[in-house]
Amino acid sequence: MLDLRRIRTEPDVVRAGLARRGVEPDELDRVLELDERQRALAAERDDLRNRIKGLSKQVGTLHKEGRGDEAAQVQAESRALGEREQELAAETAQLGDEVRDLLLRIPNLPHPDAPDGASDADNPVVRVVGFDPDGYGPHQRIPHWELGPRYGILDNERAVKISGAMFTMQRKGGATLARALLQYGLDRNVDQYEEVRPPSLVTTETLTATGQLPKFADDAYSVARDDLWAIPTAEVPLTSIHRDEIIDTAELPLRFMAATACYRREAGSAGRDTRGMLRTHEFDKVEVFAYATPEQAPDLLAEMVARTEATIGSLGLAYRTLEICTGDMGQSHHRSFDVEVYAPGTDQWLEVSSISWFADYQARRGNIRYRPGGGGTAMVHTLNGSALAVPRVWAAIVETYHRPDGGIDVPSALLPYFRGSDRIA
RNA sequence: GGAGCGGUGGCAGAGCGGACGAUUGCACCGGUCUUGAAAACCGGCGACCCGCAAGGGUUCGAGGGUUCGAAUCCCUCCCGCUCCGCCA
């Protein structure tokens with residue numbers, strides 16, 4: 001959510017920022033218009049309340065002095081004002097709701113340094129590490145959806161029987177690999193990040209704070225009977241840890257990490273990338289998250305990117321990092337980077353991490369504040385990223401570590417998690 | 001799920017129809033004293049909205065209602081605690 005005051009005071013700056021994202025916000029004018037009416041009505045309403053208060057005090061005094069007749073007169077006057085006040089209050093509240101609804105749908109402003117662009121085709125590649133297109137043997141050019149069933153480590157046929165399309169099931173070394181990656185992702189970050197095991201079902205309010213609602217309701221699984229939603233990422237509950245709180249400034253930055261299952265309906269992507277482990281309704285992920293001051297945020301963003309890159313690199317996988325252009329950014333993003341791993345069998349760069357700085361956009365939705373130096377309160381900045389998304393890394397490992405003589409090796413970094421074995425299959 | 005009791009400022013905890021935005025303690029900030037600190041004493045101190053300001057309004061779990069007037073009374077819901085039931 002953008003700062004309404006900012007929209008009011010520098011509408012041109014806001015308009016220009018949104019234009020960079022290719023958004024033509026008619027909503028902006030509507031917000032300004034409604035806001036102005038809302039404030040005018042609120043002033044009128046407050047004035048009435050003030051007068052009613054004054055009259056009520058008179059009534060009390062008159063009664064005490066035994067002047068009942070006069071009191072009755074003032075009461076009648078006050079009652080009349082009260083009726084008008086109720087009307088105004090209802091109108092004002094409704095306008096306020098309308099403004100907020102509109103505000104929730106307006107996306108964040110991009111960072112000045114974020115590259116301009118229209119779509120994901122315009123995302124500049126920032127780094128490519130460990131990639132040699134000619135460095136892979138024919139045994140590594142087999143996609144994991146063939147290797148998986150061949151070695152009995154991926155059984156999607158039965159997953160579909162159990163839960164339907166786009167659900168997966170790993171078995172034996174494949175299941176171990178999935179769990180090992182989760183543990184490894186946590187272990188890589190435990191030096192700086194507090195481990196959290198948050199709830200997987202959350203309230204509407206929690207899902208709104210992160211920006212998934214109201215705009216992306218179709219993408220989330222809902223448990224309608226209990227008015228709960230399945231989290232699409234741990235970012236959702238982590239962002240709400242300090243919702244409606246004022247964080248002690250000395251504690252910032254506050255860093256959290258969580259390994260959770262993530263649930264996504266993937267509405268609108270039916271039939272795309274549905275093979276193997278590329279796109280699934282349920283997957284595991286280690287997420288890192290931080291609350292920070294605006295001053296701390298840029299360094300934290302860089303740190304999160306560097307950590308994710310190092311984790312992927314430590315698994316012996318090739319990766320590249322892209323900066324997301326204005327036309328491809330998520331609605332809450334201020335600046336973000338993607339890390340993609342190279343899967344030789346699939347012969348694709350697979351997005352395994354999206355690391356984003358939200359500025360105060362989410363904090364405003366969630367009312368998450370701190371006390372800056374000069375006094376008063378201000379919204380914190382939030383950042384988050386995937387430290388390790390399991391399925392696609394799983395795919396890249398299975399393909400990359402397939403041996404010429406058959407079998408799949410365990411990357412050396414994961415050996416401690418494999419109960420003494422050095423083979424996935 | 002049933003019964004009982006509760007939800008008040010960063011925390012603790014008063015108030016239970018009329019000067020209550022709310023006594024008080026702790027915490028926090030400033031000052032006096034001190035070589036410095038502690039103690040003691042003095043002063044300040046919730047958040048949000050509108051306003052250049054003066055000031056006004058909101059806010060005592062949430063939402064309704066009664067009343068001239070609600071932290072205080074009534075209703076619904078949410079959350080917590082204790083006991084019972086159920087349960088991995």
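Below, chains carry the letters A, B, ... as their sequence lines are ordered, and counting in each starts from 1.
Every residue meeting the salt bridge (charged side-chain N to carboxylate O under 4.0 Å, His left out) condition with A/E98, not counting sequence neighbours, appears here in chain and number order: A/R30. With sequence neighbours excluded, the residues that form a side-chain contact (heavy atoms from CB on, under 4.5 Å) with A/D29 are A/R15.
Listed by residue number, the members of residues 74-93 of chain A with any heavy atom below 4.0 angstrom from RNA chain B are A/Q75, A/S78, A/R79.
Residue pairs meeting the side-chain hydrogen bond (donor to acceptor under 3.5 Å, both in side chains) criterion with at least one member in residues 245-262 of chain A, sequence neighbours excluded: A/Q192-A/R255, A/H242-A/E245, A/R255-A/E303. The side-chain hydrogen bond (donor to acceptor under 3.5 Å, both in side chains) analysis of residues 102-113 of chain A, with sequence neighbours excluded, yields no pairs.
Using a 4.0 Å cut-off between a side-chain N of Lys or Arg and a carboxylate O of Asp or Glu, A/E77 and A/R51 do not qualify as a salt bridge. Under 4.0 Å is where a charged nitrogen must lie from a carboxylate oxygen, and between A/R6 and A/E10 at least one such pair does.
A distance of 12.0 Å separates CZ of A/R179 from CD of A/Q170, quoted to the nearest 0.5 Å. With values rounded to the nearest 0.5 angstrom, A/L177 atom CG is found 16.0 Å from A/R171 atom CZ.
Chain A approaches RNA chain B within less than 4.0 angstrom (heavy atoms of the protein), and the contacting nucleotides run 5' to 3' from B/G18 to B/G69.
Under the Watson-Crick and G-U wobble criteria, each requiring two contacts below 3.5 Å, nucleotide B/A12 is paired to B/U24. The base-pairing partner of B/C41, taking Watson-Crick or G-U wobble contacts with both distances under 3.5 Å, is B/G31.
Summary of the strand contacts: A/L55 and A/D46 both lie near RNA chain B, and taking for each the nucleotide with the nearest heavy atom, the more 5' one is attributed to A/D46.
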